[in-house]
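A short worksheet on the structure shown next.
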2 protein chains.
Amino acid sequence: MGITIKDVAKLAKVSTMTVSRVVNNTGTIAVETRKRVLDAIDTLHYKPNTIARTLVAQKSRIISLIVPDIANPFFSELIKHAEAEAKRFGYNLFIGDAGWDITNEREFIDSSIGRMSDGVILVTPRLPDEELQALSAAIPLVVVDRSMAQTKVMDVYVDNYDGAFEATEFLIEAGHERIGYIRGWEDVLNTKRREQGYADALKKHGIPYRPELIQVGDYREQSGYNAFRYFIELSERPTAVFASNDMMAYGFISACIQNGVRIPYDISVMGFDDITLFFEHVPRLSTVSHPRIPMIRKAVDMLLGLPADEISKFDAELHTELVIRDSVSRLD
Amino acid sequence: MGITIKDVAKLAKVSTMTVSRVVNNTGTIAVETRKRVLDAIDTLHYKPNTIARTLVAQKSRIISLIVPDIANPFFSELIKHAEAEAKRFGYNLFIGDAGWDITNEREFIDSSIGRMSDGVILVTPRLPDEELQALSAAIPLVVVDRSMAQTKVMDVYVDNYDGAFEATEFLIEAGHERIGYIRGWEDVLNTKRREQGYADALKKHGIPYRPELIQVGDYREQSGYNAFRYFIELSERPTAVFASNDMMAYGFISACIQNGVRIPYDISVMGFDDITLFFEHVPRLSTVSHPRIPMIRKAVDMLLGLPADEISKFDAELHTELVIRDSVSRLD
DNA sequence: CTGTTAGCGCGTTCAC
DNA sequence: GTGAACGCGCTAACAG
């Protein structure tokens, strides 16, 4: 059993209320009394019980952050920045790894409610709109990187359409026509938007959309790796492959290297996200950069109720941007 | 304000105690009453308040896990497995990223105490023995990947000496004599053990220990990258470099690739940890594999009070192992 | 089978 | 400046 406020009160020969006041710096206390209390706190190594405080205050100073996959650098980086932003306001993070699984998402939200989280940030959840809408009645919810426009749920959304369009157009302008595409989870909105961007860019340049050039992936490395086998066995191989996220692009590249297919000489690769690796990968991946840092900051700020005009400052930054490096060659 | 047990009791026309019994499946309840309560719970969407439960039970079913760097794959993988193991027992994880910083470690432990965590797992903390010892009086503590033999603190320790010795010896037997070494944080025990292994292997084979071949790093990629610059400008360059963790090895490799230094033809590289990348890196790194999965599992099990004989089953697995891949060449 | 009482550790309210 | 009483949401112990 831990030291409680009562123990301190007893030792300092005051009421618990006085101790509480000292700890929280509220009310007025005689200098001498304060010193006695402080001494008692010190000798007893008293630490206030946050659980009890939470129960009284109906506020935990915790926000939950649910990501689809903690081992994915895109998300672990997000966590770092979310933690930093939350800390600025004296908040702790309760982190959950949903593993791209709906049931886990649900359980984690329930758990957050039970633990009196002050809010939940969901990064690209797979839970349907209606359920998120319903849940948001029970606890403040911010959905990140997915539009909740049809609902009243708060969101921080970066439309990925333009990024995918520009990336595809870039490949086309480099002379590519047979452009393979690796898709992500179908039930994620941005997956659809990215694919639309890809398709529309083809259409704009009069290039037919060929279903056989589309591979279904799951945003994980392995599916990029697998896509390689498929594309390489096509009678007419693509000259370029656009992976709808960097993880799959890297998986694809690994397969290429292992099979002696050189990038960008034998095939070009374009990614999406611009994740920060912990070391430089060669060839350096051309990709679409995603404004994830301002995005997650904004999500935290929304939850902590920063004034709207302060939050909207970030808006200017929220767009994707083409990043040209070494993984795409010109077909001239 | 959320729905409480009182609301349910009122609606079901029973006492809160009865609701509590239904929720927890304790005591005996008339079938009919149970149904009324269940209905009320359903229509009200009642969720028990874990905070209040925690206060009563003096038990939160949460364990804290503090890692030095959440974005390092070694640790994010650890988190995944810790979470899985904890879940088996119905526990949630409270994850903290200390950023290799002592103050953060301290704050996070304090916060864990305040939040009534049932225990704390510290992965390679930098806090001194005495302080950890003291802290362990306030909350169950398990230190992972660091020996606490001098204290009464629980630990799950894998001595890294042998692994470093074998790795160095492997390089020597491949014909290398000028072997560079990149060290990690000096105040971490395993750092010392790894360096001892390196030094002893040299000694065994009559190769002088040269201080100019030692570079100080911090376990992060960047310091491996920086070490490259140092080694490459040496009048007598090393023919092989042993990085004391994979992150620094990868940093070093990146620098090599960017500077046209080929691995393993121009220089050999050996790592430590055998982290699982989310894609295949080329060249594939030769390294020392670290039994981190059984290690973290064991830590969780110790905290959750699994019987000693169950836990010790894991012991057999707890040793490092040489993993030979493509980053080391023979000098023949 | 069900309800009442008391208390987990703390802070708010209102006295003194 | 300080303290006593009450309640946050829940459950253990004891009635009935």
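Just so we're on the same page: letters track the sequence lines, and every chain starts at 1. All figures in this text were calculated on a predicted structure; none of them were measured in a lab.
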### Query
From the list C:dC10, C:dT2, C:dG7, which nucleotide is the closest neighbour of the side chain of B:Val56?
C:dG7

#### Entry: Derivation and outcome, salt bridge (charged side-chain N to carboxylate O under 4.0 Å, His left out), residues A:Lys35 and A:Asp39
CA-CA 6 Å; A:Lys35 185 178 165 0; A:Asp39 283 350; 3.0 Å; yes

### Message
Let me test you: for the helix from C:dC1-D:dG16 to C:dC16-D:dG1, what is the angle between the axes at its two ends (five pairs each), rounded to 10 degrees?
### Response
50°

### Message
Can you say whether a donor on the side chain of A:Arg34 sits under 3.5 Å from an acceptor on the base of D:dG1, or the other way round?
### Response
no

### Query
So what does B:Thr18 touch, heavy atoms closer than 4.0 Å: a base, only the sugar-phosphate, or nothing?
sugar-phosphate

### Task
For the pair B:Glu83 and B:Arg88, find out whether any cationic side-chain nitrogen is under 4.0 Å from an anionic carboxylate oxygen.
no

### Query
If you measure from the Lys or Arg side-chain nitrogens to the Asp or Glu carboxylate oxygens, is any gap between B:Arg61 and B:Asp118 under 4.0 Å?
no

### Task
By nearest nucleotide on DNA chain C, pick out whichever of B:Ala57 and B:Ala30 is the more 5' one.
B:Ala30

### Query
Please give, in whole Å, the distance from C:dG9 P to A:Asn24 CG?
17 Å

### Between D:dT2 (C1') and A:Glu32 (CD): distance, integer Å
14 Å

### Pairing residues for B:Arg292 by the side-chain contact (heavy atoms from CB on, under 4.5 Å) criterion, not counting sequence neighbours
B:Phe74, B:Glu77, B:Leu78, B:Thr276, B:His290, B:Met295

### Query
With respect to the phosphate group of D:dT2, does any side-chain polar atom (N or O) of A:Ser15 fall under 4.0 Å of OP1 or OP2?
no

### Message
Salt bridge check, A:Asp69 against A:Arg220: does any charged N sit closer than 4.0 Å to a carboxylate O?
### Response
no

### Task
Take atom NZ of B:Lys35 and atom C1' of C:dT2, then tell me their distance rounded to the nearest Å.
19 Å

### Message
Whether B:Lys59 contacts C:dC8 is assessed here as follows: a side-chain N or O lying under 4.0 Å from the phosphate OP1 or OP2. Is that the case?
### Response
no

### Phosphate OP1/OP2 of C:dT2 contacted by B:Thr33 side-chain N/O (<4.0 Å)
yes

### Task
Look at the side chain of A:Ala52 and decide which nucleotide, out of D:dT2, C:dC10, C:dT4, has an atom nearest to it.
C:dC10

### Message
Rounding to an integer number of Å, can you tell me how far A:Arg115 CZ sits from D:dG9 C1'?
### Response
15 Å

### Query
Does C:dG9 have OP1 or OP2 sitting under 4.0 Å from an N or O in the side chain of A:Arg53?
no

### Message
Reading DNA chain D from 5' onward, which residue's closest nucleotide shows up sooner: A:Arg21 or B:Tyr46?
### Response
A:Arg21

### Query
Can we say A:Arg106 and A:Asp110 salt-bridge, meaning some charged N sits less than 4.0 Å from an Asp/Glu carboxylate O?
no

### Task
Return the value, rounded to whole Å, for the distance between atom NZ of A:Lys13 and atom P of D:dG3.
12 Å

### Message
Whether A:Lys80 and B:Asp97 form a salt bridge (side-chain N of Lys/Arg under 4.0 Å from carboxylate O of Asp/Glu) is what I want to check.
### Response
yes

### Query
Does a nitrogen or oxygen in the side chain of B:Thr4 sit under 4.0 Å from OP1 or OP2 of D:dC8?
no

## Note on the structure
A:Met17 CE to C:dG9 P, in whole Å, measures 17 Å

#### Entry: OP1 or OP2 of C:dG9 under 4.0 Å from side-chain N/O of A:Thr16
no

### Message
Just the rounded figure in Å: distance from C1' of D:dC10 to CG of B:Leu55.
### Response
9 Å

### Query
Mapping B:Gly27 and B:Met116 onto DNA chain C by nearest heavy atom, which one lands closer to the 5' end?
B:Gly27

### Message
For B:Trp100, does the six-membered ring have the charged nitrogen or CZ of B:Arg126 within the cation-pi criterion, i.e. under 6.0 angstrom from the centroid and within 45° of the normal?
### Response
no

### Whole angstrom value for the distance that separates P of D:dA12 from CD1 of B:Ile5
11 Å

### Query
Among the nucleotides D:dC8, C:dG9, D:dG1, which one has an atom lying closest to any side-chain atom of A:Gln58?
D:dC8

### Query
Given D:dG3, D:dT2, C:dG9, which nucleotide is nearest the side-chain atoms of A:Asn49?
C:dG9

